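Here the structure is laid out as structure tokens; the discussion comes afterwards.
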Amino acid sequence: MIPSFGLENKVVLVTGGSRGIGAAIVSLLLDLGSKVAYTYRSHDDSQIGTMAIPADVTNAAAMAVVTQQVEEKLGPIYGIVANAGITRDNFFPKLTPADWDAVVDTNLKGVYNTLIPIIPKMYKRRSGSVVCMSSISGERGNIGQTNYAASKAAIIGFTKSLAQEAARYEVRVNAIAPGFIKTDMLNPVPEKVKQQILSEIPLSRFGKPEEVAWSIAFLLSPIASSYITGSVLRVNGGHYT
Ligand code: NDP
């Protein structure tokens, strides 16, 4: 039997849970006995036993409704995984305002839209654990990703600030900074660039979504990470510089 991390019967909302890392955490949380709700934008591959809600994280009103629906159906939300994110890569001189806005609106404002309806409720209940999705690109930068890296670096500042505010209410806020993980997000990266990246990773392979999911479960856990807040957990195969 796998350990439940104290997450059994806890209600957890995952944004962007239809594919990739989000789908892996949804699946793991189900195995751990959590009550799982997730959002997606367009691609629904509903996992049995979950509450799947079409809602764009860039739509503040829709995200407020999500909180209401999840709490009505499953109960008070204990955990949030602010996972939904996109890339629109290009060299800076070619980066259009639309590509800048889409990435910042989704990866940064989307986290605000997700959390703002729930955080006050968590404060009142003096219970909650939030995991925000950053990236290795937000820590070290990456060619072709000025927009994405800016949004993911901002998530680190956001997480550390909210963690300090939320601590007095016994709510924890942490970030995950995955390295390069095998999901659809890697598809647009040219093969030559992938080989270059692989040569820089001490573990000599890309990560699996499940490997990120376990780290998220750890940070959500009221047992395993109860004294951890405001931290950034790197899940990157040793790929730092
Ligand atoms: P995928 O592209 O595989 O999946 C993205 C998920 O986010 C999908 O479920 C998608 O829904 C959803 N999504 C995208 N935009 C929105 C939106 N506006 N509203 C709601 N849902 C949305 O990405 P990954 O699983 O690879 O990435 C997940 C997170 O991890 C992202 O924040 C990403 O930046 C981060 N990350 C990923 C890394 C990687 O190498 N893969 C590395 C570091 C960080 P739909 O299916 O409907 O489109």
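Computed from a prediction, not measured in an experiment: that's the story for all the values here.
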Stepwise salt bridge (charged side-chain N to carboxylate O under 4.0 Å, His left out) check, R140 with E200:
CA-CA 13 Å; R140 76 201 282 267; E200 295 169 3; 3.5 Å; yes
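- Annotation: the span from L108 atom CG to S151 atom OG amounts to 7.0 Å, rounded to 0.5 Å.
- In this structure, M133 and P178 have side chains that are in contact, with non-hydrogen atoms separated by less than 4.5 Å.
- Salt-bridge check for R205 with E211: passed, with a basic side-chain N closer than 4.0 Å to an acidic carboxylate O.
- I223 CD1: more than 12 foreign heavy atoms inside a 6.0 Å radius.
- For the pair R172 (side chain) and S225 (backbone), a donor-acceptor distance under 3.5 Å is present.
- No continuous path of ILVMFWY side-chain contacts below 4.5 Å connects Y38 to L13, so the two sit in separate hydrophobic clusters.
- In this structure, K10 is positioned above the aromatic face of Y78, its NZ or CZ under 6.0 Å from the six-membered ring centre and within 45° of the axis.
- M51 is not connected to V26 by any chain of hydrophobic side-chain contacts under 4.5 Å among Ile, Leu, Val, Met, Phe, Trp and Tyr, and they are in different clusters.
- The shortest distance between side-chain heavy atoms of K160 and V232 falls below 4.5 Å.
- Note: the hydrophobic cluster containing V57 also contains V104 (ILVMFWY, side chain heavy atoms under 4.5 Å, direct or indirect links).
- Applying the 6.0 Å contact sphere to NZ of K194 captures more than 12 heavy atoms from other residues, nucleotides or ligands.
- One finds the CD1 atom of I118 at 3.5 Å from the OG1 atom of T67 (value rounded to the nearest 0.5 Å).
- Note that OG1 of T159 and CG of N174 are 8.0 Å apart. Values are rounded to the nearest 0.5 Å.
- In this structure S161 satisfies the side-chain hydrogen bond (donor to acceptor under 3.5 Å, both in side chains) test with no other residue, sequence neighbours excluded.
- Tracing side-chain contacts under 4.5 Å through hydrophobic residues (I, L, V, M, F, W, Y), one never reaches I77 starting from V81; they form parts of separate clusters.
- Ionic pairing of E139 and R234 is present here: one or more N-O contacts between side-chain nitrogen and carboxylate oxygen are shorter than 4.0 angstrom.
- Taking CD1 of I136 as the start and CD of Q145 as the end, the distance is 10.5 Å to the nearest 0.5 Å.
- Side-chain atoms of R19 and T183 form no donor-acceptor pair, as typed in the model, at a separation below 3.5 Å.
- Note that NZ of K35 and CG of L7 are 13.0 Å apart. Values are rounded to the nearest 0.5 Å.
- Screening T106, D101, I86, N107 for a side-chain contact (heavy atoms from CB on, under 4.5 Å) with T58, the sole residue that qualifies is T106.
- By the rule that hydrophobic residues join a cluster once side-chain heavy atoms approach within less than 4.5 Å of another member, V235 and I155 end up as members of separate clusters.
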For N83 and T15, run side-chain hydrogen bond (donor to acceptor under 3.5 Å, both in side chains): C-alpha distance rounded to whole Å, both residues' side-chain angles, the deciding distance at 0.1 Å, then the answer.
CA-CA 5 Å; N83 165 76; T15 63; 5.4 Å; no
